[in-house]
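What follows is a set of notes on a single structure, which appears directly below.
Lettering follows sequence order; numbering is per chain, from 1.
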Amino acid sequence: MNDYPKRGRVVAIEFTEIGKLFSSDVRDGTAVSIRGWVYRIRKLKDKVFFLLRDSSGVIQCVVDKNEEGIWEKVEPLTIESSVTVKGVLKYDKRAPGGREVHVKDIMVVHYAEPFPITEDAVRSESEYLLDVRHLWIRSSYMTSILKIRHTVFEAIHEYFRKNGFYEVQAPMFITAAVEGGATLFQVDYFGRKGVYLTQSSQFYLEALIYALEKVYTIAPSFRAEKSRSRRHLSEFWHAEAEVAWYSLKDILRIEEELVAYIIKKVVDEREKELKTLGRNVDILIKESELPFYRITYDEALEILKRKGFEVEWGDDFGADEERALVSEFDKPVFVIGFPEACKAFYHRNDPERPEVTLSADLLAPEGYGEIIGGGERIYDKDELVKKIKRFGLDPKDYEWYIDLRRYGSVPHSGFGLGVDRLVMWICGLKHIRDAIPFPRDIRRVYP
RNA sequence: GCCGGGGUAGCUCAGCUUGGUAGAGCGCGGGGCUGUUAACCCCGUGGUCGUGGGUUCAAGUCCCACCCCCGGCGCCA
């Protein structure tokens with residue numbers, strides 16, 4: 001059936017990336033070898049047109065019935081069959097993209113079974129695409145997102161490394177909560193109770209600053225929130241940083257520089273992919289100009305009251321409030337100084353105004369929501385223990401974390417960036433599930 | 001967890017109000033077509049109508065229970 005050799009070595013032929021066939025120095029009439037997957041086929045009486053896709057692009061291939069030994073192989077081709085093609089590149093206005101390959105030889109590596117994803121499923125943005133996610137990731141839509149995501153991760157590493165941060169790794173198996181017990185995934189750790197998947201690497205980063213001062217990590221975080229929103233995953237990628245000696249003000253500068261750096265790199269290197277996704281690049285550029293806006297929690301309350309919301313001091317913002325607030329700004333906005341009860345216990349209270357914390361959330365524009373949470377951490381042992389108790393938690397669960405405040409404790413600050421949410425915003429996606437190849441949420445752990 | 005929507009062919013959906021032998025498009029198979037662009041034209045293929053029970057001469061359609069999925073809220077990054 002297939003004429004790819006089952007035994008022996010793959011013949012060493014140089015293959016050209018399909019994307020490169022569209023560059024200006026590839027002349028009409030050039031002999032080319034390409035390989036990839038059949039993307040579309042149109043069979044006529046005397047000709048077969050098929051679009052061939054590889055990771056770099058798509059080009060039309062043409063087979064004439066007169067081509068002996070080729071026609072018989074091409075006629076039974078199916079969508080997603082894998083082939084290698086030798087042919088001649090021709091400029092032709094009739095071809096998509098203005099160029100095509102006239103096939104002189106073809107080897108079918110695998111005749112694909114009928115591909116289950118149809119145009120109907122694509123256009124309806126069907127749930128089915130999540131069931132066959134292992135196949136749907138081949139689409140130009142998912143491929144564009146994955147390339148942008150790749151560049152986002154690259155930019156994060158670049159920014160931190162250029163700015164003197166050490167990359168570190170924290171464990172995924174942990175024994176204590178960061179936020180609260182209800183959102184932990186319990187695991188069977190050799191039959192031992194009280195072992196969970198991590199919700200955040202923050203506490204470990206706080207330990208590591210005493211060795212390396214400026215640290216960051218990119219790692220998954222796991223949260224068992226029974227959330228049904230378009231902005232939540234139960235397994236998400238978290239870029240976290242922690243810096244010794246830094247104040248809230250210092251860490252906000254890092255946060256906005258990081259976000260702006262990532263967007264600039266994506267705009268510079270992934271314009272084609274952004275356009276495939278229909279993302280307005282000019283808006284993105286405008287949205288990433290520094291500095292970002294900074295408002296206090298109190299100012300945010302004023303804005304909301306002016307817009308007719310019934311909010312009282314001490315309330316956290318709901319989705320409606322957050323949307324209304326963000327709509328006032330054309331760039332990301334930091335909301336600084338949340339009341340103590342709105343934030344986790346480890347946030348340091350403002351010594352000059354103890355009812356608020358030295359914390360800040362970064363809200364993305366266009367309703368993409370909170371992408372960063374961070375601030376100063378409590379570095380005094382007694383202050384920390386008191387606050388743990390005030391929050392109804394047991395200091396015994398946080399022994400090693402409290403221990404950090406016993407040996408040369410210093411002021412420090414840090415933050416956590418939701419990478420998938422950032423990708424969602426940059427790509428302009430409707431759902432966070434599309435920001436990651438294999439999403440995990442309350443309902444889905446397959447494929 | 002709460003509120004709303006949904007489950008019918010491999011995929012996308014109509015049919016349900018007003019019960020009477022299950023439909024379309026896409027896909028797939030066959031045929032046609034002198035360059036196709038989500039190709040097009042003709043023919044064919046394809047179903048425990050989410051599960052269980054009830055009403056009825058008769059249930060995809062009406063009633064009850066349950067399961068699963070989607071969206072919004074809450075929660076967060």
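- When the C1' atom of B:rC40 is taken as reference, atom NZ of A:Lys47 falls 17 Å away, rounded to whole Å.
- Backbone-only contact: A:Gly318 has heavy atoms under 4.0 Å from sugar-phosphate atoms and none from a base.
- Classified by interplanar angle (parallel below 30°, tilted 30° to 60°, perpendicular above 60°), the ring pair A:Tyr293/A:Phe329 is tilted.
- Scanning atom types as modelled, one donor and one acceptor separated by under 3.5 angstrom connect the side chain of A:Ser227 and the base of B:rG74.
- A close approach under 4.0 Å does occur between a side-chain nitrogen or oxygen of A:Arg228 and OP1 or OP2 of B:rG71.
- When each of B:rC70, B:rA77, B:rG35 is scored by its nearest atom to the side-chain atoms of A:His232, the top-ranked nucleotide is B:rA77.
- Picking from B:rC73, B:rU36, B:rG71 the nucleotide with the shortest atom distance to the side chain of A:Glu100 gives B:rU36.
- Taking side-chain N and O atoms only, A:Ser126 has no distance below 4.0 Å to OP1 or OP2 of B:rC11.
- Using a 4.0 Å heavy-atom distance criterion, A:Tyr128 is classed as a sugar-phosphate-only contact.
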Pair up each side-chain donor or acceptor in residues 37-44 of chain A with any protein partner under 3.5 Å, not counting sequence neighbours, and list the distances.
unit_1  : atom_1 : unit_2   : atom_2 : d
A:Arg40 : NH2    : A:Glu119 : OE1    : 3.1
A:Lys43 : NZ     : A:Glu75  : O      : 2.7
A:Lys43 : NZ     : A:Leu77  : O      : 3.2

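- Here the C1' atom of nucleotide B:rC70 and the NZ atom of A:Lys226 are 18 Å apart, to the nearest Å.
- By the ring pair (Phe, Tyr, Trp, His ring centres under 6.0 Å) test, A:Phe173 is found to be paired with A:Tyr189, residues two or more places apart in sequence or in another chain being considered.
- Residue A:Asp92 places its side chain closer to B:rG35 than to any other of B:rG35, B:rG10, B:rC70.
- Of the candidate nucleotides B:rG74, B:rG71, B:rC75, B:rG71 has the atom lying nearest to any side-chain atom of A:His431.
- Pairing for B:rU18 is absent, with no Watson-Crick or G-U wobble pair whose two atom distances lie under 3.5 Å.
- For the C1' atoms, the distance from B:rU17 to B:rU61 is 10 Å, rounded to whole Å.
- Here the two rings, on A:Tyr159 and A:His157, have centers that are 6.0 Å apart or farther.
- The aromatic ring centres of A:Tyr398 and A:Phe345 sit less than 6.0 Å apart.
- OP1 or OP2 of B:rC75 has not a single side-chain nitrogen or oxygen of A:Arg230 nearer than 4.0 Å.
- Base-pair partner of B:rA77: not found among the strands shown (Watson-Crick or G-U wobble, both distances under 3.5 Å).
- Between the CD atom of A:Glu127 and the P atom of B:rG6 there is a distance of 16 Å, rounded to whole Å.
- B:rC49 and B:rC11 have their P atoms separated by 15 Å, given to the nearest Å.
- Within the 4.0 angstrom heavy-atom criterion, only backbone atoms of the sugar-phosphate kind lie near A:Arg40; the bases stay farther away.
- A close approach under 4.0 Å does not occur between any side-chain nitrogen or oxygen of A:Arg443 and OP1 or OP2 of B:rC68.
- Applying ring pair (Phe, Tyr, Trp, His ring centres under 6.0 Å) to A:Phe160 and the options A:Tyr216, A:Tyr166, A:Tyr261 leaves one that passes, A:Tyr216.
- Residue A:Ser124 is the one, among A:Pro96 and A:Ser124, whose nearest nucleotide of RNA chain B lies closer to the 5' end (criterion: closest heavy atom).
- The pairing partner recorded for B:rG4 is B:rC70, the criterion being a Watson-Crick or G-U wobble arrangement whose two distances lie under 3.5 angstrom.
- Nucleic acid contact class of A:Ala239 (heavy atoms, under 4.0 Å, all strands): none.
- Out of B:rA77, B:rU12, B:rC73, the shortest distance to the side chain of A:Glu225 is found at B:rA77.
- The pairing partner recorded for B:rG60 is none, the criterion being a Watson-Crick or G-U wobble arrangement whose two distances lie under 3.5 angstrom.
- Between B:rC73, B:rG35, B:rC75, one nucleotide has an atom nearer to the side chain of A:His102 than all others, and that is B:rG35.
- Set against B:rA38, B:rG74, B:rA77, the side chain of A:Ser229 has B:rG74 as its closest nucleotide.
- A:Tyr297 has its ring centre less than 6.0 Å from the ring centre of A:Phe317.
- In this structure, CG of A:Leu417 is placed 14 Å from C1' of B:rC76, rounded to the nearest angstrom.
- Cation-pi geometry between A:Lys331 and A:Phe292 is not met at under 6.0 angstrom from the ring centre and within 45 degrees of the axis.
- Checking B:rG44 for Watson-Crick or G-U wobble geometry (two distances, each under 3.5 Å) identifies B:rC28 as its partner.
- Checked against A:Glu376 for a side-chain hydrogen bond (donor to acceptor under 3.5 Å, both in side chains), the options A:Arg348, A:His347, A:His412 give a single hit: A:Arg348.
- Nucleotides B:rC64 and B:rG46 place their C1' atoms 34 Å apart, quoted to the nearest Å.
- Relative to the side chain of A:Arg433, the nucleotides B:rG1, B:rG71, B:rG35 differ in distance, and B:rG71 lies closest.
- The nearest whole Å value for the distance from the CG atom in A:Asp441 to the C1' atom in B:rC70 is 11 Å.
- Across all strands shown, B:rU55 remains unpaired; no Watson-Crick or G-U wobble contact has both distances below 3.5 Å.
- Note: CD (A:Gln60) to P (B:rG35) measures 12 Å, nearest angstrom.
- Listed candidates were B:rU36, B:rC76, B:rC69. Nearest to the side chain of A:Phe49 is B:rU36.
- Remark: A:Lys305 does not engage A:Glu310 in a salt bridge, criterion side-chain N to carboxylate O under 4.0 Å.
- No engagement by A:Leu51 is indicated, since no non-hydrogen atom pair under 4.0 Å with the nucleic acid exists.
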Let me have a per-nucleotide readout for nucleotides 24-33 of chain B, 5' to 3', with B, S or -, counting only protein heavy atoms under 4.0 Å. -BSS-----B
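- A:Arg42 places its CZ atom 7 Å from the C1' atom of B:rA38, with the value rounded to the nearest Å.
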